[in-house]
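Below, chain A is the first sequence line, B the second, and so on; all start at residue 1.
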Amino acid sequence: MKQKLTAVGWFCFSILYLSGGWALNMGTMRKPGPGLLPRIVGIGLLILTGIHLWQTFRKQPDSHQSSGLLNLKAVFGLVAAVLAYPVLLYYLNFIMATFAVVYFMLLLLIFKGPVWDFVIALAMVVFSFLIFTMVLGVSLRNGPIEEFFFRLLG
Amino acid sequence: MEMWPSLVHGFSVALQPMNMLYALFGCILGTMTGILPGIGPLGAMAILLSFTLYIDATGAMILFAGIYYGSMYGGSTTSILLNIPGENASVITCIDGYQMTLKGRGGAALSVSAVGSFIAGTISIFGLMVATSLLGRAALKFGPPEFVAISVCGFVLLMKLSEESLLKSAIMIFAGLAICTVGTDYLTGTLRFTLGVEGLIQGIEFLPVAIGLFGLSEVLETAYSLLETGTAKKMKFRELLPNRKEWRLSIPPMLRGSVIGFLIGLIPGPAPMISTFVSYITEKKISKHPEEFGRGAIEGVAGPESANNAAVGGAYVPLLALGIPFTPAMAMVLGALLLHNITPGPNMIQEKPDLFWGVIASMYVANFMLLLLNLPMVNIFVNVLRTPKQILLPVIVMLSLIGVYSANASLLDLFIMGLCAIIGFAIKRVGFKPAPLIIAMVIGPMLENSLRQALLISGGDFEKVIFRPICLVLYIIAIGIMVVPWLLKQGSKSSIKS
């Protein structure tokens with residue numbers, strides 16, 4: 001099933017890409033335009049993903065699919081944390097957003113328990129904030145808490 | 001600049017305290033990533049890519065060289081002691097290395113591996129110096145058609161030699177080329193595939209894609225499988241010394257492995273891994289006692305371990321001489337250079353001698369550091385396996401998030417990284433490997449520029465683009481690579497039928 005879904009996904013992507021590339025000006029062979037490579041790549045991709053789709057649907061499903069040691073909860077949780085981070089960063093600024101994500105990950109992966117995880121996450125975030133802003137001079141997304149730290153450290 | 005004075009100048013750069021520190025940090029980090037299953041050198045390089053912005057280009061290159069060499073050595077430690085290959089270039093070492101450990105000769109296997117890696121590293125660096133100078137001089141005569149031909153030939157080799165199926169590799173290469181067409185066309189200013197998103201006008205950055213596909217997808221993979229790792233028994237220093245017979249048996253395989261590894265390193269694809277297989281098979285074929293292989297033959301450790309280190313030196317040749325990365329690790333190195341607005345290529349030796357010779361000299365330094373550090377510290381490095389995944393994974397994710405954001409202060413880059421992590425994780429589960437995609441993404445802009453320039457110069461005449469001596473040879477090689485194995489297969493099928 002995973003194989004089939006991936007094959008369909010690739011094929012859909014190639015159709016979308018080719019249709020987008022087709023709209024671009026290909027130019028002439030003497031004066032190639034911005035659509036030349038996208039059209040070559042789009043056609044190639046469509047052919048390849050088409051063959052892959054055909055092969056995948058023609059193949060008998062594998063009787064013994066490896067199940068592995070499943071930990072889908074951790075995977076979904078980590079993905080959610082990564083995708084939520086830009087949104088949290090936008091609204092909560094660096095320290096709060098990073099703390100929320102790190103604490104969530106520690107809880108999700110069951111490290112030491114809620115209290116210890118809280119302390120570890122806080123330490124990690126403050127340490128990384130100091131390293132990035134003070135040592136490396138990176139401009140992170142600042143809000144009132146970050147300003148407080150700056151004032152505290154002079 | 002002459003080679004030897006240039007190398008001396010390179011040592012004056014490499015032996016600067018900060019550069020020594022980068023080499024040391026790279027070696028330690030590389031060894032640890034080599035030891036830890038799941039987090040490979042590519043993941044480490046991808047995650048550190050954003051941090052190279054805060055150090056100079058020479059430091060960044062030295063750091064990455066240390067990581068790459070260190071990971072090759074680190075991978076062998078767990079292969080020999082625990083039968084766990086830290087990364088794929090150490091898989092073959094498990095066969096005889098672990099058997100030696102079971103016989104109580106694990107320490108000797110580690111020493112042979114370390115010395116072999118040092119010898120191979122030194123030989124391959126010498127090869128790199130010579131080959132890059134020669135190829136770089138020849139490449140000055142290359143025009144856009146030649147660069148198109150090199151790219152096409154490279155892609156064909158990459159498809160053929162990748163670990164996955166030909167079709168899947170080809171899809172990944174085309175997907176990588178598709179990604180690099182997003183953004184503003186540099187010649188006409190036309191927007192391509194930006195979907196009205198302002199952040200995509202500059203194109204999709206290499207950094208979030210690399211970290212997502214290699215760094216974070218490996219984190220997801222590790223979280224998914226929660227790999228269990230064993231612990232090794234403590235090693236006493238005297239156990240590390242091989243006896244006279246073991247030394248005698250090891251030296252020729254080390255030298256052969258070095259040459260094999262360097263030559264295979266020049267070819268696109270997972271060179272370090274392929275070189276170990278070729279070296280192992282070679283040693284077994286020419287051995288007077290092939291029956292010993294698989295039961296703890298020291299040649300089965302010495303050859304492959306030398307080969308994978310030599311392949312690292314070989315892989316640098318096309319990048320430094322032509323500006324074309326043929327392996328994903330080299331794509332990361334190129335990514336680091338591009339972040340510093342440095343484009344490697346034939347002119348780099350003349351234009352950036354500090355960088356070029358400094359990096360080459362630092363490879364010697366890194367190899368020497370690995371030899372000095374890794375054997376006495378083997379017990380400490382093996383303890384890295386005890387690091388709880390529950391703390392390691394959040395730290396890596398946090399560093400990736402901050403690293404990507406700090407590069408451009410772009411929230412879109414964070415979304416792209418997250419998306420790439422999901423895609424990387426999903427496609428790996430169905431047998432696709434992201435390496436060809438990342439290489440195509442890096443080579444893509446050069447291919448497009450060269451193709452359009454070649455057509456403009458030739459007035460749209462394809463004959464003038466294809467039928468140039470060097471191009472023709474490269475296209476014939478590419479066709480040969482695709483057609484000859486197929487013909488041989490058909491031939492053997494018909495002979496079986498008859």
Centroid-centroid distance, B/Tyr54 to A/Phe132, less than 6.0 Å: no
Side chain, backbone, both or neither of B/Leu412 within contact of chain A (heavy atoms, under 4.5 Å): neither
Chain A contacts, top residue of B/Ile457, B/Thr181, B/Leu401 (heavy-atom pairs, under 4.5 Å): B/Leu401
Heavy-atom neighbours of B/Gln202 CD exceed 12 at 6.0 Å: no
Per-residue contact mode, A/Leu16 against chain B (heavy atom under 4.5 angstrom): neither
Largest heavy-atom contact set with chain B, pairs under 4.5 Å, which of A/Leu78, A/Val125, A/Leu83: A/Leu83
For chain A, the option from B/Leu419, B/Ile402, B/Leu451, B/Leu447 that forms the most heavy-atom pairs under 4.5 Å: B/Ile402
Residue among A/Ser128, A/Gly20, A/Pro32 with most heavy-atom pairs under 4.5 Å to chain B: A/Pro32
Top of B/Gly459, B/Ala409, B/Gly189 for chain A proximity - count of heavy-atom pairs under 4.5 angstrom: B/Gly459
Aromatic centroids of B/Phe432 and A/His52 separated by under 6.0 Å: yes
Proximity breakdown for A/Leu24 and chain B, heavy-atom pairs closer than 4.5 Å: side chain
Under 3.5 Å donor-acceptor, B/Arg192 side chain and A/Pro34 backbone: yes
Segment of A/Thr49 engaging chain B (4.5 angstrom heavy-atom cut-off): both
Winner by heavy-atom pair count (cut-off under 4.5 Å) against chain A, out of B/Asp413, B/Leu177, B/Ile391: B/Ile391
Engaged part of A/Val101 at the chain B interface, taking heavy atoms whose separation is under 4.5 Å: side chain
B/Tyr186 and B/Asn449: side chain donor to acceptor below 3.5 Å: yes
Residue part contacting chain B, namely of A/Leu36, when any heavy atom lies under 4.5 Å: side chain
Selection from A/Ala74, A/Gly33, A/Ala81, A/Ala121 maximising heavy-atom pairs under 4.5 Å formed with chain B: A/Gly33
Residue, of A/Leu89, A/Asn25, A/Leu140, that accumulates the most heavy atom pairs under 4.5 Å with chain B: A/Leu89
Side-chain donor or acceptor of B/Glu221 paired with backbone N/O of B/Phe425 under 3.5 Å: no
Crowding at NZ, B/Lys464 (>12 non-hydrogen neighbours, <6.0 Å): no
Winner by heavy-atom pair count (cut-off under 4.5 Å) against chain B, out of A/Ile51, A/Leu37, A/Asp117, A/Val102: A/Leu37
B/Tyr405 ring center near A/Tyr85 ring center (under 6.0 Å): no
Ring centroid separation A/Phe129 to A/Phe150 under 6.0 Å: yes
Which atoms of A/Phe104 approach chain B - backbone, side chain, both or neither, heavy atom under 4.5 Å: neither
